[in-house]
Amino acid sequence: DKGLYFPEVIPMWDKKFIENIDQYTKEEIAFNVIQPYVGDVIPDDELKSIVSETINFDFPLVKVEEGIFSLELYHGPTLAFKDVGARFMSRCLGYFVKNNSEIQHEKITVLVATSGDTGGAVANGFYDVDGIDVVILYPSGKVSSVQELQLTTLGKNITALEIDGTFDDCQKMVKQAFADEELNKELFLTSANSINVARWLPQQFYYFFAYQQWKDKNDLPVVSVPSGNFGNICAGLLAHRSGLPVRHFIAACNANDVVTKYLDSENYSPKKSVVTLSNAMDVGDPSNFVRILQLFDKEFHSLKNVMGSYSFSDEETKDTLKEVYLKTNYLADPHGAVGYAALKKYLQHHPGNKGFFLETAHPVKFYDVVEPIIQQPVPLPASVSELLKLKKKSITMNAEYEELKEYLMK
């Protein structure tokens, strides 16, 4: 099954929790959301501390124009939404290494494939954590220069493998490693991709934070999520199934449109991923889509009632990014631009509705794409200025599982 766990029971939130959400702190919301999944595996006081460290930055819902808002998820240490899942997971694993006698004496290897942001967030979340090695596979030449520096410059317990192939190749190699009995006898392996529940489940938090900030609770938001491996939108759908009020979800896709086509035709046919400007969404066979089907009991029409999908070309992405910047002075990254375009399209067909899109990464992470479009420099956060002075360190490798296995066995 390649490690795709799914909750046996989906918790239902108390109506009072939703109705009184304005009275809770971010920490209280996040603790309430994750606790039913954790149960008594981590004591509540430890879990509160893990949650508090996970979300110790802002998640503002920013007005872009009338009826359209941006949920900014890039105010964490690596300037991307992946910070939430990576920080939560690394702290849980750190807790287990200290407190679980079964794994105390094992060296844990976190194996992760990245199409861009996961690598940096995981590297940062696990950097210098005792007893844990991190091995990150990324597709050579297919991540932005800032993303590459974030995952290749840390050193210590973080190793970057630069794979001559696509993200799908990297992900396939990681999945093969988990299914390899011989390798798993030698190494204690875990993943930090969204296939890992500890990375995936906490992504529910910011949908609740957005709802808390949503002014008109009687006029529910349409939520547009830039979608590649479908972990993020799946977390939103899970939150919705548990009782979070949302009018409709939109999976905003680039040219990798396998789910868009599925929702049009009921025919799911994965294909090789194609390279686009919104590279973190370049996934031809999204892992988490099977979880979405599971959420809706594989009932096509139930899913279609709750989630729609649009796909956009690179040209449309560029035009959107430029138009939004010129018209509203709001600077989106290429993924956010796809999210905005999808929301705008939905609202044109459903006048009177309002909504928000997820701005999943700071535009500076894609400055080499964004600057030529807006013909202005993207303001550099201090963390990126420091990063640009560093030199990348990576090990190049073919997209062959045997090469990865040989490296890991050593």
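Throughout, residue positions are numbered sequentially from 1 according to the sequence presented. When reading the values below, keep in mind they use all heavy atoms of this one structure, side chains included, and skip hydrogens, waters and symmetry mates.
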Check: Within 45° of the ring axis of Tyr211 and under 6.0 Å from its six-membered ring centre, is that where the NZ or CZ of Lys217 lies?
Finding: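 The answer is yes, since Lys217 meets both limits relative to Tyr211.
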
[X] vs [Y] side-chain heavy atoms within contact, under 4.5 Å:
| X | Y | answer |
| --- | --- | --- |
| Val143 | Pro139 | yes |
| Leu93 | Ile132 | yes |
| Leu408 | Glu186 | no |
| His335 | Asn279 | yes |
| Tyr138 | Thr152 | yes |
| Phe167 | Lys142 | no |
| Leu149 | Leu388 | yes |
| Asp216 | Lys354 | yes |

Donor-acceptor contact below 3.5 Å, side chain [X] vs main chain [Y]:
| X | Y | value |
| --- | --- | --- |
| Ser394 | Ala160 | no |
| Gln212 | Ile21 | yes |
| Asn124 | Gly120 | no |
| Asn196 | Ala192 | no |
| Ser383 | Pro381 | no |
| Glu403 | Ala399 | no |
| Arg87 | Glu53 | yes |
| Lys26 | Phe205 | no |
| Asp297 | Glu299 | no |
| Ser52 | Lys48 | no |

Item checked: Test side-chain hydrogen bond (donor to acceptor under 3.5 Å, both in side chains) applied to Glu316 and Ser313, step by step -> CA-CA 5 Å; Glu316 290 170 309; Ser313 67; 3.3 Å; yes

Next item on the list: Pick out which of Lys82, Arg199, Lys365 makes a salt bridge (Lys or Arg N to Asp or Glu O under 4.0 Å) with Asp117.
Entry: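 Of Lys82, Arg199, Lys365, salt bridge (Lys or Arg N to Asp or Glu O under 4.0 Å) with Asp117 is met by Lys365 alone.
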
Non-hydrogen atoms of [X] and [Y] that approach each other most closely:
| X | Y | result |
| --- | --- | --- |
| Val112 | Val174 | C-CG2, 4.0 Å |
| Leu380 | Val364 | CD2-CG2, 3.2 Å |
| Tyr95 | Pro43 | OH-CD, 3.0 Å |
| Asp168 | Lys272 | OD2-C, 4.4 Å |
| Leu111 | Ala177 | CD2-CB, 3.5 Å |
| Val129 | Gly125 | CG2-O, 4.0 Å |

Next item on the list: Starting from the C-alpha separation in whole Å, work towards a yes-or-no answer on side-chain contact (heavy atoms from CB on, under 4.5 Å) for Val84 and Phe59.
Entry: CA-CA 11 Å; Val84 170; Phe59 300 83; 3.6 Å; yes

Check: Can you name the one residue among Leu343, Leu358, Leu347, Leu71 that meets side chain to side chain contact (heavy atoms under 4.5 Å, CB included) with Ser224?
Finding: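 Option passing the side chain to side chain contact (heavy atoms under 4.5 Å, CB included) with Ser224: Leu343.
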
Check: Of Ile42, Ile50, Val51, Ile29, which is the lone residue that meets side chain to side chain contact (heavy atoms under 4.5 Å, CB included) with Ile34?
Finding: Val51

Item checked: Test log, rule ring-ring contact (aromatic ring centres under 6.0 Å, His included), inputs Trp214 and Phe69 -> CA-CA 10 Å; Trp214 188 256; Phe69 297 78; 5.4 Å; yes

Check: Which of parallel (below 30°), tilted (30 to 60°) and perpendicular (above 60°) describes Tyr346 and His248?
Finding: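 Because their plane-to-plane angle is under 30°, the rings of Tyr346 and His248 count as parallel.
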
Check: Where does the angle between the aromatic ring planes of Phe230 and Phe289 fall among parallel (under 30°), tilted (30 to 60°) and perpendicular (over 60°)?
Finding: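 Answer is perpendicular, since the angle exceeds 60°.
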
Notebook entry, point to check: When you check the side-chain N and O atoms of Asp282 and Thr276, is any donor under 3.5 Å from an acceptor?
Noted result: yes

Checklist line | Pair Thr317-Asp314, side-chain donor/acceptor within less than 3.5 Å | finding: no

Notebook entry, point to check: Could you go step by step and tell me if Asn229 and Gln171 meet the side-chain hydrogen bond (donor to acceptor under 3.5 Å, both in side chains) rule?
Noted result: CA-CA 10 Å; Asn229 215 13; Gln171 183 160 260; 2.9 Å; yes

Margin query: Working note: Asp257 + Lys271, criterion salt bridge (Lys or Arg N to Asp or Glu O under 4.0 Å); need CA distance, chi angles, decisive distance, verdict.
Written below: CA-CA 9 Å; Asp257 57 359; Lys271 56 184 187 182; 2.7 Å; yes

Next item on the list: Would you please indicate if the ring centroids of Phe208 and Tyr24 are separated by under 6.0 Å?
Entry: no

Checklist line | Audit row: Glu402, Lys405, salt bridge (Lys or Arg N to Asp or Glu O under 4.0 Å) steps and yes/no | finding: CA-CA 5 Å; Glu402 287 308 318; Lys405 181 174 178 174; 5.2 Å; no

Margin query: Check this for me, if you would: do Lys318 and Glu315 make a salt bridge, where the nitrogen-to-carboxylate-oxygen distance has to be below 4.0 angstrom?
Written below: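 Salt bridge between Lys318 and Glu315, a charged N being under 4.0 Å from a carboxylate O: yes.
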
Margin query: Please determine whether a side-chain nitrogen of the Lys or Arg among Glu65 and Lys344 lies less than 4.0 Å from a carboxylate oxygen of the Asp or Glu.
Written below: yes

Note to self: Within a 6.0 Å radius of atom CD on Glu406, are there more than 12 heavy atoms belonging to other residues, nucleotides or ligands?
What the structure shows: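 Result for CD/Glu406: open.
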
